Amino acid sequence: MRYFFNIRDGEKTERDLEGSEFDTLELAIDDAQMAAREIMAERVLAGYEPDGQSFDIVDEDGRILANVPFRSALRPQ
């Protein structure tokens with residue numbers, strides 16, 4: 001199934017137009033957490049505090065299936 005990782009930052013949303021294929025939603029969530037770690041690391045190195053951003057994982061019909069706050073990627077699994 002194709003999942004799209006839209007980045008939500010407050011009221012703004014940056015849409016993922018390509019999406020990625022995953023066998024399960026759980027695998028998509030795992031990938032979103034890895035991507036969130038990478039984005040936060042880049043933002044910290046650039047001098048920004050990563051606060052409030054999240055991924056809305058949506059299906060091909062635009063339904064939100066999961067929300068992954070970037071900060072949740074810092075918690076141990």
Side-chain angles (χ1 to χ4, degrees):
M1 180 169 185
R2 183 167 292 279
Y3 296 94
F4 299 84
F5 295 5
N6 296 336
I7 298 176
R8 181 179 300 274
D9 189 358
E11 296 297 317
K12 297 186 303 185
T13 299
E14 182 180 328
R15 293 184 57 207
D16 172 8
L17 301 177
E18 294 180 27
S20 299
E21 294 282 335
F22 296 95
D23 290 334
T24 66
L25 177 58
E26 290 75 21
L27 291 173
I29 290 170
D30 289 345
D31 194 69
Q33 288 178 326
M34 270 196 330
R37 282 186 207 105
E38 292 172 10
I39 291 169
M40 285 191 299
E42 290 172 6
R43 290 186 56 82
V44 167
L45 289 173
Y48 296 99
E49 182 177 339
D51 188 34
Q53 291 181 313
S54 64
F55 280 118
D56 282 338
I57 301 176
V58 302
D59 64 12
E60 293 176 299
D61 294 324
R63 290 181 298 228
I64 298 174
L65 304 175
N67 178 271
V68 179
F70 282 18
R71 286 189 179 269
S72 73
L74 296 176
R75 295 189 187 119
Q77 300 289 327

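If you read the sequence from its start, that first residue is 1, and numbering goes on from there. Keep in mind that this is a model prediction, so the values were computed, not measured.
- For the atom pair CG (N6) and CZ (F55), the distance works out to 9.5 Å, reported to the nearest 0.5 Å.
- Residue R15 qualifies as open at atom CZ: its count of foreign heavy atoms under 6.0 Å is 12 or below.
- Note: L17 CG to F4 CZ = 8.5 Å, rounded to the nearest 0.5 Å.
- Between the side chain of D59 and the main chain of D61, a donor-acceptor pair closer than 3.5 Å is present.
- For the atom pair CG of D30 and CE of M34, the computed distance is 8.0 Å after rounding to the nearest 0.5 Å.
- F70 CZ to E38 CD: the interatomic distance, rounded to the nearest 0.5 Å, is 11.0 Å.
- Residue E18 qualifies as open at atom CD: its count of foreign heavy atoms under 6.0 Å is 12 or below.
- Across all non-hydrogen atoms, the minimal contact from F22 to A28 is CD1-CB, 3.7 Å.
- Hydrophobic clustering (side-chain heavy atoms under 4.5 Å, transitive across Ile, Leu, Val, Met, Phe, Trp, Tyr) groups I29 together with M1.
- Rounding to the nearest 0.5 Å places OH of Y3 at 8.5 Å from CD1 of I57.
- Across all non-hydrogen atoms, the minimal contact from L27 to T24 is N-OG1, 3.1 Å.
- When all heavy atoms of V68 and S72 are compared, the pair lying nearest together is CG1-OG, 3.9 Å.
- Here R71 contributes atom CZ and Q53 contributes atom CD; the two are 10.5 Å apart, rounded to the nearest 0.5 Å.
- Using a 3.5 Å distance cut-off with no hydrogens or angles, the side chains of S54 and N67 do pair a donor with an acceptor.
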